[in-house]
Colleague: 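First the structure, which I've put down as structure tokens, then a few questions once you've had a look.
Remember, it's 1-based here, ligands and their atoms both numbered in the order they're listed. Keep in mind it's a predicted model, so treat the numbers as computed, not measured. Position 1 is the first residue of the sequence; numbering continues from there. The figures here come from the full heavy-atom set of this structure, side chains too, leaving out hydrogens, waters and symmetry mates.
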Amino acid sequence: MSTNAPQPDRALTPTAIDALTMDTTPWLSCEDCFERMDIYVEALARDGSHDDAAMAAHLRGCPACAEEADSLVDLVTGSGT
Ligand SMILES: [Zn+2]
């Protein structure tokens with residue numbers, strides 16, 4: 001793909017739609033969230049400014065997964081027991 005020039009006449013490319021819908025709907029399912037959690041938490045532990053919009057959105061809206069992620073972070077960073 002040649003990516004440098006935006007396409008002025010196409011109002012909504014799939015990429016643009018992705019960007020628009022990403023931080024609102026649909027959030028990841030808990031299943032998707034769990035699948036990505038290891039990677040997300042490890043990246044977070046390595047780099048506190050790591051950001052994954054879809055994961056962050058799910059964790060914000062889902063206390064169960066947020067709790068799971070929390071304890072995983074403790075585990076990975078060794079700051080737990
Ligand atoms: Zn969840």
Colleague: Given 3.5 Å as the limit, does a donor-acceptor pair link the side chain of His50 with the main chain of Ala43, or not?
Modeller: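 Such a contact is absent between His50 side chain and Ala43 backbone.
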Colleague: Kindly determine whether Cys62 and Cys33 satisfy side chain to side chain contact (heavy atoms under 4.5 Å, CB included), including the steps that lead there.
Modeller: CA-CA 10 Å; Cys62 180; Cys33 181; over 6 Å; no
Colleague: Nearest 0.5 Å please: distance from the CG atom of Leu59 over to the CD atom of Glu68.
Modeller: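 The distance works out to 10.5 Å.
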Colleague: For the Zn ion (ligand 1), which protein N/O/S atoms are closer than 2.8 Å?
Modeller: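 As for protein N, O or S atoms lying under 2.8 Å from the Zn ion (ligand 1), they are Cys30 SG, His58 NE2, Cys62 SG, Cys65 SG.
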Colleague: With side chain to side chain donor-acceptor pair (under 3.5 Å) as the rule and sequence neighbours excluded, what pairs involving residues 34-44 come up?
Modeller: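 Applying side chain to side chain donor-acceptor pair (under 3.5 Å) to every pair that reaches into residues 34-44, excluding sequence neighbours, yields Arg36-Asp52.
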Colleague: To the nearest 0.5 Å, how far apart are CE in Met37 and CG in Leu28?
Modeller: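 Spacing of CE (Met37) from CG (Leu28) equals 10.0 Å.
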Colleague: If you round to the nearest 0.5 Å, how far is CD of Glu31 from SG of Cys65?
Modeller: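 Result: 11.0 Å between the selected atoms.
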